[in-house]
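Here the structure comes first, spelled out in structure tokens, and everything after it is commentary.
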Number of protein chains: 2
Amino acid sequence: MASLPVLNQPPRRSGALLDNLARRMRLHAEGVLAPLGLRPRHLVALTVLRDRDGSTQQALATTLMMDRATVVGLLNDLEADGLVERQRSPEDRRRHIVRLTDHGARLLAKAEFSLAEVEDAVLCALDTDQRAQLYDLLALAASGPEHGPDHGGCGAAAAAQDDAPDASC
Amino acid sequence: MASLPVLNQPPRRSGALLDNLARRMRLHAEGVLAPLGLRPRHLVALTVLRDRDGSTQQALATTLMMDRATVVGLLNDLEADGLVERQRSPEDRRRHIVRLTDHGARLLAKAEFSLAEVEDAVLCALDTDQRAQLYDLLALAASGPEHGPDHGGCGAAAAAQDDAPDASC
DNA sequence: TCATTGGTTTGTGTAGCACCAACGATTTAT
DNA sequence: ATAAATCGTTGGTGCTACACAAACCAATGA
């Protein structure tokens, strides 16, 4: 086995690239977000909240991969600015349902609008189509399962015919 | 103008998604990298160095968007582990040329191999083709121009027919 | 009744930076 | 030749964004 001359080049992981690009984006974005009273982590929270509106704080903590206590502080920031609302869940009155307010949605749109220049600076090696492709892939990946600390997320072995850390090497 | 009914939906920026996904990757990766004596930022540095081998520390600082003093410390770590070498540039003896050692290249490959499970956990919503696409896009974007603090990087207005922060709104 | 869970508060600690200032070695401009 | 600028280095200070732990209240479920 493993004899097909399919270019058995060593695996390239996207993790480091992701990290590096995210850093560039974040640093460039800080200057643009500051006048709006936002910092990068607020933007991330708002963005997550737009897609998963009405999440519990616990669910939010899971998708953000943050400690619940940290999420409390983050939401305090956002709620103080009226970007987000906490409502008691009717089903389980211990829970808080977090909702994006109109003001929050509008500010998010505004922020994304002004982030055009940032994306332009960082992703300038990509044309419009490629940027759209990238966004779609990221959105798909991010929409994935909850990443609890325990389970790997999906039903194991999603798309791993490539190389898995087993023997054979 | 701006009258074509081309789905004038508000712009979606990939910055926040990038940030969030990078975070998930990094947190998952820490546990895998630790036994190899690496931390996420070391992996980023090694990865950058594989593509831009023989860079000056200054160039490295630019692509990593880090302070030169910080880069010194980072390289000290890597050089102490024999993953990287500093050589005086013959042309300008002030400069240091940074090279990946064989040991460094081998450890990087090893790390990437073990990172399969991490990528599998985080990108499990993507199939193999999509993961490859994502990697290519990221690599292309990262291979882009030097992101000095001043200029936007590329020759302005690369692929920005979409929406630019001008009037008209 | 008692154990559990969701959110909150208040610590304490840490990693990963930035920024500043000063220095030696070297190159470049005057 | 002298002065100015550049590259890397060191050491210091300080900040941000977290994690983690402990204790608490309210509410749910056993």
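Letters A, B, ... are given to chains in the order of the sequence lines, protein chains preceding strands, and every chain is numbered from 1.
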Restricting to side chain to side chain contact (heavy atoms under 4.5 Å, CB included), what partner residues turn up for A/Ala132, sequence neighbours left out? none
Residues pairing under salt bridge (charged side-chain N to carboxylate O under 4.0 Å, His left out) where one sits in residues 27-38 of chain A, two or more places apart or in two chains, turn out to be none
Quick check: on DNA chain C, is the nucleotide nearest A/Leu27 upstream (toward 5') of the one nearest A/Arg95, or the reverse? Name the residue that is more 5'. A/Arg95
With A/Ser14 via side-chain hydrogen bond (donor to acceptor under 3.5 Å, both in side chains) - residues at least two apart: B/Glu119
On DNA chain D, nearest-nucleotide positions of B/Ala69 versus B/Gln58: which is more 5'? B/Gln58
Applying side-chain hydrogen bond (donor to acceptor under 3.5 Å, both in side chains), which residue pairs with at least one partner in residues 76-85 of chain A are found, sequence neighbours left out? A/His42-A/Asp77, A/Asn76-A/Arg86, A/Glu79-A/Arg86, A/Glu85-A/Gln87
If we only count heavy atoms from C-beta on, is the B/Gln57 to B/Val72 side-chain gap below 4.5 Å? yes
Does the pair B/Leu43 and B/Leu108 meet the rule for a side chain to side chain contact (heavy atoms under 4.5 Å, CB included), with working shown? CA-CA 7 Å; B/Leu43 189 79; B/Leu108 175 56; 3.8 Å; yes
A/Gln133: which residues meet the side chain to side chain contact (heavy atoms under 4.5 Å, CB included) condition with it, sequence neighbours left out? B/Gln133, B/Leu137
Comparing A/Val72 with B/Thr70, nearest DNA chain C nucleotide closer to 5' gives the residue A/Val72
For B/Arg88, check side chain to side chain contact (heavy atoms under 4.5 Å, CB included) against everything at least two apart and list the hits. B/Arg93, B/His96
side-chain hydrogen bond (donor to acceptor under 3.5 Å, both in side chains) filter on B/Arg50, not counting sequence neighbours, yields B/Glu112
My understanding is that only residues two or more places apart in sequence, or in another chain, count here; which of them pass side chain to side chain contact (heavy atoms under 4.5 Å, CB included) with A/Asp51? B/Arg12
Within the structure shown, what part of the strands sits under 4.0 Å from B/Arg26 by heavy-atom distance: base, sugar-phosphate, or nothing? nothing
Within residues 74-90 of chain B, the residues having a heavy atom closer than 4.0 Å to DNA chain C are none
Between B/Ser89 and B/Ile97, does a side chain to side chain contact (heavy atoms under 4.5 Å, CB included) hold up when you go through it step by step? CA-CA 6 Å; B/Ser89 164; B/Ile97 296 301; 3.8 Å; yes
Under the side chain to side chain contact (heavy atoms under 4.5 Å, CB included) rule, what do B/Leu60 and B/Leu74 come out as? Steps first, then yes or no, please. CA-CA 11 Å; B/Leu60 224 47; B/Leu74 189 48; over 6 Å; no
Name the first nucleotide and the last nucleotide along DNA chain C (5' to 3') that come under 4.0 Å of a heavy atom in chain A. C/dT4 to C/dA18
Strand-adjacent residues in residues 38-51 of chain A, judged by heavy atoms under 4.0 Å from DNA chain D: A/Arg39, A/Arg41
Under the criterion side chain to side chain contact (heavy atoms under 4.5 Å, CB included), I'd like the reasoning laid out for B/Leu134 against B/Arg131: C-alpha separation, chi angles, the key distance, then a yes or no. CA-CA 5 Å; B/Leu134 177 62; B/Arg131 293 184 199 185; 5.6 Å; no
Mind checking if A/Arg93 touches a base, just sugar-phosphate, or nothing, with heavy atoms under 4.0 Å? sugar-phosphate
Bounded by its outermost nucleotides with an atom under 4.0 Å from a heavy atom of chain A, the footprint on DNA chain D reads D/dA17 to D/dT28
